[in-house]
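Quick notes on the structure that follows.
Because only heavy atoms are used, hydrogens play no part in the values below, and waters and symmetry mates are left out as well, while side chains stay in. Letters go in sequence order (proteins before strands), and every chain restarts at 1.
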There are 2 protein chains.
Amino acid sequence: MNHPILSSSLTESVYATLRADILSARLDPGQKLKIKDLCDRLSAGSSAVREALSRLGSEGLVLLEPQRGFRVAPLSMNELHDLTRTRGQIEALCIRDAIAAGDVEWEIGLMAALHRMLRMPKEVESEPKRYSQAFTDAHTAFHEALVAACVSPWLLTLRRLLFTQSERYRALTRPLAEVERDLDKEHRLIADAALARDADRCVALMEEHLALTARILIEAAAHGSGPLSD
Amino acid sequence: MNHPILSSSLTESVYATLRADILSARLDPGQKLKIKDLCDRLSAGSSAVREALSRLGSEGLVLLEPQRGFRVAPLSMNELHDLTRTRGQIEALCIRDAIAAGDVEWEIGLMAALHRMLRMPKEVESEPKRYSQAFTDAHTAFHEALVAACVSPWLLTLRRLLFTQSERYRALTRPLAEVERDLDKEHRLIADAALARDADRCVALMEEHLALTARILIEAAAHGSGPLSD
DNA sequence: TGTAAATAAAAAATGCATATTCTAAAATGC
DNA sequence: GCATTTTAGAATATGCATTTTTTATTTACA
């Protein structure tokens, strides 16, 4: 459970490690985060841990209750619904912007990111039932590349915020791979539409893409095998 | 410059105080925030101050450079443009949602918030050339009330984030009240459109409302009297 | 003599051990 | 069995130690 990520300051590294553990669902939603335990596990002082947790708090990944410590932000069906819908709306704004403003460099970047993601192994033997870190990174980079030409830094900031939140849910879809899914095809179609400058189609495909991830979790929950409340 | 805001934990209070000082422009954009100074001024230890600054950091109000401390996030014309546009888009989504889903309670809440804001004195003699805290709070509450019926918590979260950012720019429009502006009328028209369930008009009025605040600052900067870079 | 590099001193940020305060649970009494 | 007190554990806060950055000064070189 120890994943030391090197960085400039100790706080940075604690922050990055904790963040990765939450996003990849190595830490359970709702779980209590005891300062002392984390200090031991990450071999850092309470200052560093506390500061990292504060930051994760305002990012929405950690819930902080005054005088009662920190816990991993819970997941729920309700939030999944809301998140999917909202992210769809924001991605749509970004995509339309990017398609309108994208130049050749953008097209090249998108193609490169797509290709890299398609070639990345989705899992490794050391951690089966879980997306590999390499694939996850490439996947994140693909979605970044898709909207890289968006002219609004703030819109991109909002998109990244929601994307991060979605990652937590996405990490849960892999273990229960009941529905067979052609992720590669979904991504390829999205990229095609973007390169063809067909904004409406691209947005529609993206919404479908997001909805499918949500649906997998919802159906799993309906069968009682999901880890979600509500 | 000392504004002790009581709260559950010391960190909370330091956070709230600092936040208010930044939003109201009592702290200058780009200004260095020295830990020790803040400790003395707020009579708190370095942990509390550091933690508060971290949180403000991921909220975008404070810039944090590893090993080089904290500074108040700078303002710029470019960001103002972007912020205005993006906030317009997000407010639009919230407004359409609220108007579609709003019930009688929402209508009542909106009318009440409007009325309270209209009756609130915009300035006090102790701090001329600056919006009164009472008005600022009522203004915030009005904009909250307008979209309170929006069904998406995440959309509202994003809206609040951008609203907070905008507050910093809005606080600067008062000192340079060159352009005479009928704020009351603007807000009244927005509320009217919402209550009439005319989403298109409401969105258009809101965009105008936001654009006007931006224009005042931009024109002031063009005349050299503004405090903005870029 | 002026400029620039190198070094030394100061200031500031980061990290830690410890003390204090608060919460929650166990134990005691009613 | 319920309420109150006690106690253990945990979160919060502090001051100091350490490390890094910045500033000021000196020294070398053109």
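Taking atom CG on B:Leu38 and atom C1' on C:dA12, their separation rounds to 12 Å, with Å as the unit. When the C1' atom of D:dA11 is taken as reference, atom CG of A:Asp37 falls 13 Å away, rounded to whole Å. One atom, OH of B:Tyr15, and another, C1' of D:dT12, lie 18 Å apart when rounded to the nearest Å. In this structure, B:Glu51 atom CD and D:dA11 atom C1' are separated by 10 Å, rounded to whole Å. Whole-Å rounding puts the A:Lys34 NZ to C:dC22 P distance at 21 Å. In this structure, B:Glu12 places its CD atom 13 Å from C1' of D:dA11, rounding to the nearest Å. We find that CG of A:Leu10 is positioned 12 Å from P of D:dT19, with the value rounded to whole Å. Note: CG (B:Leu42) to C1' (D:dA13) measures 14 Å, nearest angstrom.
For C:dA12, the OP1/OP2 oxygens have no side-chain nitrogen or oxygen of B:Lys36 closer than 4.0 Å. Note on A:Lys32: a side-chain N or O is less than 4.0 Å away from OP1 or OP2 of D:dA11.
For the 3.5 Å distance criterion, the side chains of A:Ser152 and B:Thr86 qualify, holding a donor opposite an acceptor. A:Ser58 and B:Glu59 share no side-chain donor-acceptor pair at under 3.5 Å.
Under the 30°/60° scheme for interplanar angles, the aromatic rings of A:His209 and A:His139 are found to be tilted. Taking the six-membered ring where the residue is Trp, B:Phe163 and B:His143 present tilted rings, their angle falling between 30° and 60°.
Across D:dT21, C:dG15, D:dG15, the shortest atom-to-atom separation from the side chain of B:Gln67 is found for D:dT21. Taking every side-chain heavy atom of B:Arg68 into account, D:dT22 is the closest of D:dT22, D:dA11, D:dT14. Closest to the side chain of B:Ile35, from the set C:dC16, D:dG15, C:dA13, is C:dA13. Here the side chain of A:Ser46 is nearest to one of D:dA10, C:dA17, D:dT20, namely C:dA17.
No donor-acceptor pair under 3.5 Å is formed between the side chain of B:Arg159 and the backbone N or O of B:Val147.
Shown here, C:dC30 forms a base pair with D:dG1; the pair counts as Watson-Crick or G-U wobble because both key distances fall under 3.5 Å.
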